[in-house]
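Treat the numbers as computed from the prediction; the structure is a model and nothing was measured.
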Amino acid sequence: MAFARIARTGLRRTGGTFGSYSCEGDVFLCEGSTNRRSPFPSLQNAKAGRDFSYISSTRKFNRMSMQSRGIRVTPQYQSATAERIVEESESEYDEPMYPGLEATKPGEKPRVVVLGTGWAACRFMKGLDTRIYNVVCISPRNHMVFTPLLASTCVGTLEFRSVAEPVNRIQSALATSPESYFYMASCFGIDTDKHEVYCETVSNGGLPHDPYQFRVAYDKLVIAAGAEPLTFGIKGVKEHAFFLREVNHAQEIRKKLLLNLMLSENPGISEEEKKRLLHCVVIGGGPTGVEFSGELSDFIKRDVQDRYTHVKDYVKVTLIEASEFLSSFDVGLRQYATNHLTKSGVSLMRGVVKEVHSKKIVLSDETNVPYGLLVWSTGVGPSRFVKSLDLPKAPGGRIGIDEWLRVSSVEDVFALGDCAGFLENSGRPVLPALAQVAERQGKFLVKLLNKIGKKDGGKAFSAKDIPLGDPFVYKHLGSMASVGRYKALVDLRQSKDARGVSLAGFVSWLIWRSAYLTRVISWRNRFYVAVNWATTLVFGRDNSRIG
C-alpha cells in the first residue's frame, strides 16, 4: 500500500500528458515510460535510501468494493516496519491509493495483457485459448477498425458502424469471463522487471479521480499499440489537416465536406471563396490517398451534381504526391490509375509541402494551394508511446523484435503490428505497415502462445526451456486499391521487383469488393457492408450532416 502511494507521487512528478490519442489505432500517446527500472522516480528513491519520511498522503478506500469488481489491491506487507508505515499513512492522510490487478497466484490461469485493438491485437485475441489464459485488453478505443473500407465512410458509401467491430465480440471472454477485462485506457509505462503496465483511464472526468491511474500485472505482454501518421515536422499539419486512421477521423471529414458544400450556397459568398471552400486537397499518393480521392470523385460525379446544382462546378479534388503515385504497385497499374483519376476529374500534382495554414498550403516551390478540406495520408511512424519505451529499437524507431516476435533482452514481452520491426542484426527487412502484415503476425503469435500455454509455460518467467518451433515468415499476398467509378487495381506480385499477375478495371473492382467483403471480421458487419453497397447503388449516398 505504501509503495502504491509512492508510485502515485512519482506519477505526479513525471508531468507527462496522458489519456489522449489521435490517429492510430491503438496509438498510446503518453510519455515517461521505462523498461529496466521503475517508471516512478520516487519509488527508486525509496528503494535506495529506505527513507519513507517524504511519503505523500494516502487515505483508506473500500477494499471489498475493489475486490468485488475483480480488481485486487496492494497486498499487506510482511515487514513490521512496512505495516507501521502503512498504518501511520492511512491514519494521517486522505488521498486514494493506486489500484490494480496483482500478479496471478499459483493455480490461477496466466494473464495475457494486450495493448491495442488494431489488426494485430484483434487477430491475436480472436484465436487466444481462454481455457489456458485470462486476457486483459487495454486501449483508448473499444473496437477494431476495418481500415481498407474507411475511406468509403467519408462520403456515405458505407455507414460508420459497418467498419467498426467491438472487441468483446471478437473475444467474448472480455465480456463473459470473470478474470478477463477490457480497460478503455492509455498505457503510459511498462516495468518489465516487475511484469507490470501502468495506465490512465479515458474517463473525461467521469470517475472519482481525474486522472484515474492504475496498474496491471502480466504473465505475458503483447504490445500492439499501432502507429501514428507521419507529419515530417511540417508546421501546421496537426492543427489544420484531417487524418484518416480512425472512425472519428472519417466522421470529422464527412462533416467538414458537407458543411463546406452547404456554406458555399449561402448568399454573398464570392467566386474565389466558393472555389476555396470546395477544393478538397489530399496529401499522399499511396493506396489510402488514391482510394479517398476516387471515392470523392465518385461522390462529386454522382451525388453532388444532382443535389448541389448551384455549386457543382466549383467542386475540385487535388491529389499531391512528393514522388511516385502508388509506388508499390506495378508500373502499368500506376499509369492506369493516374489516367483514370485524371479522367474522373482528380487533379494530380507533384510537390513537397513546406507548411500548412488554415486556408492554404505552401509547397517547397512557394506555390500556394488554397483548400477547404485537407486530408493528410503520407504513411505512419512510431507513436510517442513507442518512442518513450526503454526497449530495443528497430530501424525507423519501432520496437525491436526477433524472429518469434519477442522483444529482445526482456522476458515475456512480444510486439507486433505497425509498432514492431525486426532488429537490424536479425538480417530481416522491416516489414511494411500493412493490415495483412499485422493480421498474420497476430495469427502466428497466438499459435505460439497457445503452444507455450499447453506446455505449462504461460506463467511469467516459465517459457525459457520450451521450444518455439519455426520462426515467423511473411509472404506478401499482393495489394489492391480502388480508384473510383467501379474500377480498381489488383497487384498479386510478392514484391515490388517480382513478377506476377496484375489486373486493372471492372473485374479488378469485383475482386477488390469480394476480397474485402470476406475479410470483414464478423457476419454482422459483412451484412452491413453488403446492404450499404446495395443501398448506395440504388438510392445514392446519404448527404445528411449530423452533429
Phe385/Leu115 under side chain to side chain contact (heavy atoms under 4.5 Å, CB included): CA gap, chis, key distance, verdict: CA-CA 11 Å; Phe385 169 68; Leu115 304 181; 4.1 Å; yes
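- With Phe299 as reference, Val155 is the one residue of Val155, Val315, Val317 to meet the side chain to side chain contact (heavy atoms under 4.5 Å, CB included) rule.
- Taking Phe160 as the reference, nothing meets the ring-ring contact (aromatic ring centres under 6.0 Å, His included) condition, with sequence neighbours excluded.
- Shown here are the ring-ring contact (aromatic ring centres under 6.0 Å, His included) partners of Phe472, two or more places apart in sequence or in another chain: Phe444.
- Contact check for Glu252 versus His249: no side-chain heavy atoms found under the 4.5 Å cut-off.
- Remark: the His476 side chain and the Tyr474 side chain contain an N/O donor-acceptor pair separated by less than 3.5 Å.
- Here the CZ-OG distance, from Arg276 to Ser264, works out to 10.5 Å after rounding to the nearest 0.5 Å.
- In this structure, Tyr486 and Trp509 have perpendicular ring planes: the angle between them is above 60°, well past the 30° mark.
- Salt-bridge check for Asp303 with Arg307: passed, with a basic side-chain N closer than 4.0 Å to an acidic carboxylate O.
- A salt bridge links Arg254 to Asp542: one of the charged nitrogens lies within less than 4.0 Å of a carboxylate oxygen.
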Working for side chain to side chain contact (heavy atoms under 4.5 Å, CB included), residues Val375 and Val281: CA-CA 6 Å; Val375 177; Val281 178; over 6 Å; no
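- For Glu424, the CD atom sits in a loose shell: 12 or fewer heavy atoms of surrounding residues, nucleotides or ligands are nearer than 6.0 Å.
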Run the numbers on Ile511 and Leu503 for side chain to side chain contact (heavy atoms under 4.5 Å, CB included), then give the verdict. CA-CA 10 Å; Ile511 295 173; Leu503 303 171; 3.9 Å; yes
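- Under a 4.0 Å N-O distance rule, the pair Arg519/Glu439 qualifies as a salt bridge.
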How far apart are the C-alpha atoms of Glu295 and Cys154, what are their side-chain angles, what is the distance that settles it, and do they pass the side chain to side chain contact (heavy atoms under 4.5 Å, CB included) test? CA-CA 8 Å; Glu295 287 283 353; Cys154 297; over 6 Å; no
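- Under a cut-off of 6.0 angstrom, the local environment of NZ in Lys393 is crowded, with over 12 non-hydrogen atoms contributed by other residues, nucleotides or ligands.
- Classification of the Phe214-Tyr183 ring pair by plane angle, with boundaries at 30° and 60°, yields perpendicular.
- Between the side chains of Thr117 and His143, no donor-acceptor pair of N or O atoms lies under 3.5 Å.
- A salt bridge links Asp418 with Arg245: the distance from a Lys NZ or Arg NE/NH1/NH2 to an Asp or Glu carboxylate oxygen falls below 4.0 Å.
- In the model, Thr378 has a side-chain atom that pairs as donor or acceptor with a side-chain atom of Trp376 under 3.5 Å.
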Show, in sequence, the C-alpha distance, side-chain angles and deciding distance for Asp298 and Arg302, and conclude whether the salt bridge (charged side-chain N to carboxylate O under 4.0 Å, His left out) test is met. CA-CA 6 Å; Asp298 269 3; Arg302 182 173 178 187; over 6 Å; no
Could you check Glu366 against Lys354 for salt bridge (charged side-chain N to carboxylate O under 4.0 Å, His left out), going step by step and ending with a plain yes or no? CA-CA 8 Å; Glu366 301 303 327; Lys354 180 181 178 182; 2.8 Å; yes
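- To the nearest 0.5 Å, the span separating CG on Leu149 from CH2 on Trp533 amounts to 5.5 Å.
- The side-chain tip of Arg161 points at the ring of Tyr528 from less than 6.0 angstrom away and within 45° of straight on.
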